[in-house]
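Here's the structure, in structure tokens; my notes come after.
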Number of protein chains: 2
Amino acid sequence: MKAYEVIYQTIENSILKGEYGPGDFLPSENQYVKQFKVSRDTVRKALNLLMTNGHIQKIHGKGSMVLKREQLRFPISGLTSYKELQQAYGYDSITDVVSLETIKISEDLSRLTGFEKDEDVWKIIRTREIDHQKVIRDTDYLLCRLIPNLTREIGEDSIYKYIEKELNLQISFAEKEIRVVPLNQLDKDHLDLNSQDNNIVSIQSRVFLANAEQFQYTESRHRVDKFLFYDFARRNPSTI
Amino acid sequence: MKAYEVIYQTIENSILKGEYGPGDFLPSENQYVKQFKVSRDTVRKALNLLMTNGHIQKIHGKGSMVLKREQLRFPISGLTSYKELQQAYGYDSITDVVSLETIKISEDLSRLTGFEKDEDVWKIIRTREIDHQKVIRDTDYLLCRLIPNLTREIGEDSIYKYIEKELNLQISFAEKEIRVVPLNQLDKDHLDLNSQDNNIVSIQSRVFLANAEQFQYTESRHRVDKFLFYDFARRNPSTI
DNA sequence: GCGGATTTGTACGTATGTATT
DNA sequence: TAATACATACGTACAAATCCG
């Protein structure tokens with residue numbers, strides 16, 4: 001592991017363990033230099049990561065203050081996958097693979113997904129059951145060229161885990177749009193809805209690898225009362 | 001202006017002008033070192049900023065590729081204020097100040113807003129009219145201690161501009177939650193709603209200064225059909 | 001209010017590692 | 001293999017904000 005990653009994780013753990021609480025100041029950069037026997041540059045990389053992730057606020061001339069983060073959030077931001085969320089928060093949750101097939105991208109699908117026309121893609125539809133209610137319906141399109149094999153088992157577990165751990169592809173960034181749209185027939189067929197519902201939350205995202213190649217388009221539809229988006233944002237992005 | 005900011009803006013402008021299109025590679029770091037007569041460290045800060053803002057993707061061993069960003073998005077993320085959005089996208093838009101008063105934070109309000117009990121705050125309610133329809137209703141709470149004066153005129157223009165330009169306070173980060181909730185009576189009283197609407201999008205945010213002091217709590221309620229959240233996110237936050 | 005100590009921010013330079021072509 | 005380009009790491013110097021006596 002890289003030096004700044006080791007330092008990042010060490011400090012993050014000490015925050016998560018409560019060794020430093022909200023409002024406390026971390027040791028100074030120079031103290032960490034001595035502790036880890038690295039250059040200040042390396043310490044600063046770790047601290048800047050902690051800052052962009054919302055753990056601390058660096059204050060010029062004072063030090064690095066630990067922030068209080070509201071717990072038990074649903075961070076759809078930052079590309080966290082459903083499976084990771086489920087594990088992190090221990091939801092009583094089941095994924096059901098409704099369908100799995102390969103199709104060719106049409107002109108309409110090309111506009112929607114961002115994939116080139118005539119590309120071969122996997123199309124997988126899944127529902128997510130939380131507390132014994134089906135409240136999320138995902139439709140994924142994944143590039144066959146990059147993900148040659150896809151099974152129902154992978155779909156029931158975690159596609160992201162498969163892509164990163166098995167295929168060793170590096171998922172890097174995503175564009176995402178969130179809207180509220182009318183229910184459609186597929187929602188009614190596959191989800192457990194409330195009688196007064198006429199809308200659903202739609203999250204469309206295009207996901208890219210480190211080489212800027214798009215490998216996924218997803219629409220994730222959430223029953224409105226089960227949807228919560230939490231975001232931590234900096235105004236002048238993460239100073240560097 | 002700082003050296004890396006100058007370089008950032010120069011490169012950003014050349015991208016926005018179309019000098020480099022999607023898929024093109026920027027000059028290498030070393031070429032920028034020569035061009036701007038700075039160290040490579042400084043060039044890298046500028047390029048990393050471009051990367052976190054979604055303008056480019058740096059690819060190890062290859063270079064910095066310009067990404068295609070979908071245009072005309074509504075980036076509520078990144079703390080952009082309503083007024084800035086309006087100016088950027090030229091919406092035909094009017095802000096109406098419904099009420100403006102100072103109140104003392106009660107125990108309930110303390111839990112909601114994150115402010116300490118008994119703090120004095122401004123409470124300002126505003127509606128936003130887009131294309132001649134009132135579709136957004138904002139309720140802001142602002143700390144009197146930090147923002148001593150607030151007028152209807154400032155509320156009609158831009159509170160953020162006032163805070164940053166006039167008071168010279170540095171807005172730094174925010175936590176934000178987005179939900180879909182039932183309409184309430186105030187929504188019905190102050191907004192132009194569609195007959196079939198029974199829900200509204202609620203965005204709650206707590207906003208902090210560079211010294212980690214919270215100065216604002218806002219709930220922004222959007223008519224569902226006028227709500228669009230656009231987000232650009234990196235998986236391993238902005239490498240540094 | 002001032003000066004000095006501490007702490008973070010910016011900038012420069014150098015060396016080496018790793019991915020791509 | 002060699003050249004190029006980005007990534008990591010170390011070190012130094014000075015600027016700017018904060019704190020305290």
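Since this is a predicted model, take the numbers as computed values, not measurements.
Contact check, A:Lys62 against D:dA17: no side-chain N or O comes under 4.0 Å of OP1 or OP2. Contact between the side-chain N/O atoms of B:Tyr4 and the OP1/OP2 oxygens of C:dA11 is not found at any separation under 4.0 Å.
Closest approach to the A:Thr42 side chain among C:dG9, C:dG13, D:dA9 is made by D:dA9 (side chain taken as heavy atoms from C-beta onward). When each of D:dT8, C:dT7, D:dA5 is scored by its nearest atom to the side-chain atoms of A:Gln31, the top-ranked nucleotide is C:dT7. When the nucleotides C:dA11, D:dG11, D:dC6 are ranked by their closest atom to the side chain of B:His60, D:dC6 comes out on top. Taking every side-chain heavy atom of A:Ser64 into account, C:dT8 is the closest of D:dA7, C:dT8, D:dG11. When each of D:dT8, C:dT8, D:dC10 is scored by its nearest atom to the side-chain atoms of A:Arg40, the top-ranked nucleotide is C:dT8. With C:dT8, C:dA11, D:dT18 as the choices, the nucleotide that has an atom nearest any side-chain atom of B:Ala3 turns out to be C:dA11. Checking D:dT18, D:dC6, C:dT10 against every side-chain atom of B:Ser28, the shortest atom distance belongs to D:dC6. Here the side chain of A:Glu29 is nearest to one of D:dG11, D:dC19, C:dG9, namely C:dG9.
You'll find the side chain of A:Pro27 reaches within 4.5 Å of the side chain of A:Tyr32, heavy atoms only.
One can place CG of B:Leu26 at 19 Å from P of D:dT4, the figure rounded to the nearest angstrom. Between the C1' atom of D:dT18 and the CZ atom of A:Phe25 lies a distance of 10 Å, rounded to the nearest Å. Rounded to a whole Å, the NZ atom of A:Lys2 is 8 Å from the P atom of D:dA9. In this structure, B:Gln57 atom CD and D:dA7 atom P are separated by 9 Å, rounded to whole Å. Atom CZ in A:Arg44 sits about 16 Å away from atom P in D:dG11, given to the nearest Å. Separating the CG atom of B:Asp41 from the C1' atom of D:dG11 is a distance of 12 Å, rounded to the nearest angstrom. Rounded to whole angstrom, the span from the NZ atom of A:Lys58 across to the P atom of D:dT18 amounts to 15 Å. To the nearest angstrom, P of D:dA9 lies 11 Å from CE of A:Met1.
For the pair B:Asn211 and B:Pro27, both in contact range of DNA chain D, the more 5′-proximal nearest nucleotide belongs to B:Pro27.
Remark: side-chain polar atoms of B:Gln57 are not paired, donor with acceptor, to backbone N or O of A:Asn211 under 3.5 angstrom.
Each salt bridge (charged side-chain N to carboxylate O under 4.0 Å, His left out) pair with one or both residues in residues 210-219 of chain A, not counting sequence neighbours, appears once here: A:Arg145-A:Glu213, A:Glu219-A:Arg221.
Among residues two or more places apart in sequence or in another chain, the salt bridge (Lys or Arg N to Asp or Glu O under 4.0 Å) test is passed with A:Asp108 by A:Arg111.
Counting any heavy atom pair closer than 4.0 Å across all strands shown, A:Ile59 reaches sugar-phosphate atoms only and no base atom.
Here the closest non-hydrogen pair linking A:Asp118 and A:Lys104 is O-CG, 3.5 Å.
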